[in-house]
There are 2 protein chains.
Amino acid sequence: MAEATERLQRYLEDELGECRDEDVEQRLDELGTLEAALGPAQVDDELGVLSALANETRYTLARVLVAAGEELCVCELNAVVDVSESGLSHALSALVDAGLATGRKDGRWKKYRATNRAITLVTVLDGSVSDE
Amino acid sequence: MAEATERLQRYLEDELGECRDEDVEQRLDELGTLEAALGPAQVDDELGVLSALANETRYTLARVLVAAGEELCVCELNAVVDVSESGLSHALSALVDAGLATGRKDGRWKKYRATNRAITLVTVLDGSVSDE
DNA sequence: GCATTAATTGAGTATCTCTTCAACCGATGA
DNA sequence: TCATCGGTTGAAGAGATACTCAATTAATGC
């Protein structure tokens with residue numbers, strides 16, 4: 001039996017008074033169930049969204065697009081973040097990949113808009129962090 | 001006038017038909033307002049939360065703590081993630097720093113519990129990613 | 001067609017981040 | 001009091017990330 005599992009057994013003994021090998025098995029199973037409640041694909045998707053937002057440049061862009069409530073031109077977004085034109089483009093395509101924005105070409109200009117997913121997340125984040 | 005601002009001017013000319021310097025100023029101001037709606041401290045806090053969750057180990061721990069609905073011992077959490085004991089400890093303290101979990105010492109065991117902030121965020125993430 | 005403009009792509013690099021190892025702290029029990 | 005056990009801390013290396021620069025694409029206008 002692995003070292004970590006032995007520790008779990010001692011813990012369960014402490015908590016339950018006694019602890020057979022079956023009890024350890026059952027607890028491991030319960031913990032596995034908690035972890036596996038979401039499919040791996042969905043966890044990956046959620047991690048993708050979180051990673052996309054966990055960066056000052058991209059989070060600022062997401063917040064501005066959400067606050068604007070309409071599509072904004074790349075040349076406008078250039079004014080709100082402090083990176084090169086190329087950096088801005090990389091950031092925007094990361095947001096699109098994560099499903100947080102959509103892009104549309106309009107003549108020689110390119111416009112981006114926040115998705116519903118972005119709106120929900122930015123709104124909830126603002127709320128959940130301001131209240132305590 | 002900076003290169004990026006000139007481009008914005010041409011864009012506004014395109015959109016509005018005409019564009020004086022004042023119009024550019026006003027648009028820059030509007031964009032600045034969108035960006036500055038949240039204070040820098042709150043943005044930092046939100047970025048901290050996002051960074052804490054944007055990692056497989058820590059996100060798994062957060063999800064399990066939320067799903068458990070009660071405090072769990074470090075020795076139990078050891079079973080749900082695939083890192084060393086030390087890595088687990090680092091991950092948990094990052095969650096605590098971000099306000100996503102709280103820790104409590106109970107005799108020789110240490111127990112962690114999800115905060116309301118964690119519950120809200122994990123719940124919303126699950127919802128916002130599954131629906132489309 | 002050719003030049004210009006808006007934006008994207010890819011390569012390269014500096015920086016940050018995650019994980020582990022080793023040493024450590026605090027509580028328990030012999 | 002000393003050894004053991006649960007867990008944390010700090011340093012260090014491997015790996016991932018986020019920029020910038022240079023080259024490229026696509027659209028517009030001459």
- So, is A:Thr57 close to the D:dA18 phosphate, meaning a side-chain N or O under 4.0 Å from OP1 or OP2? no
Identify each atom pair where a protein N or O and an N or O of nucleotides 27-30 of chain C are less than 3.5 Å apart, giving names and distance.
none

- Just wondering, are more than 12 heavy atoms of other shown residues or ligands nearer than 6.0 Å to CG in A:Asp14? yes
- Task: Determine to 10° how strongly the helix from C:dG1-D:dC30 to C:dA30-D:dT1 is bent, judged from the axes of its five-pair ends.
- Result: 20°
- Message: Less than 6.0 angstrom from the centroid, inside 45 degrees of the normal: does A:Arg7 satisfy that with respect to the ring of A:Tyr11?
- Response: no
- Message: Counting only side-chain nitrogens and oxygens, does B:Arg7 get under 4.0 Å of the OP1 or OP2 atom of C:dA7?
- Response: yes
- Message: Closer than 3.5 angstrom, by distance alone: can the side chain of B:Thr115 be matched with the main-chain N or O of B:Gly99 as a donor-acceptor pair?
- Response: yes
- What residues 77-103 of chain A contributes to the DNA chain C interface at heavy-atom separation below 4.0 Å is A:Glu85, A:Ser86, A:Ser89, A:His90
- Residue whose nearest DNA chain D nucleotide is more 5′ - A:Glu56 or A:Arg10: A:Arg10
- Query: Between B:Tyr112 and D:dT8, is there a side-chain N or O to OP1/OP2 distance below 4.0 Å?
  - Reply: yes
- Short side-chain N/O contact to D:dT17 OP1/OP2 from A:Arg58, under 4.0 Å: no
- Message: If only side-chain N and O atoms count, and only distance matters, is there a donor-acceptor pair under 3.5 Å linking B:Glu22 with B:Gln26?
- Response: no
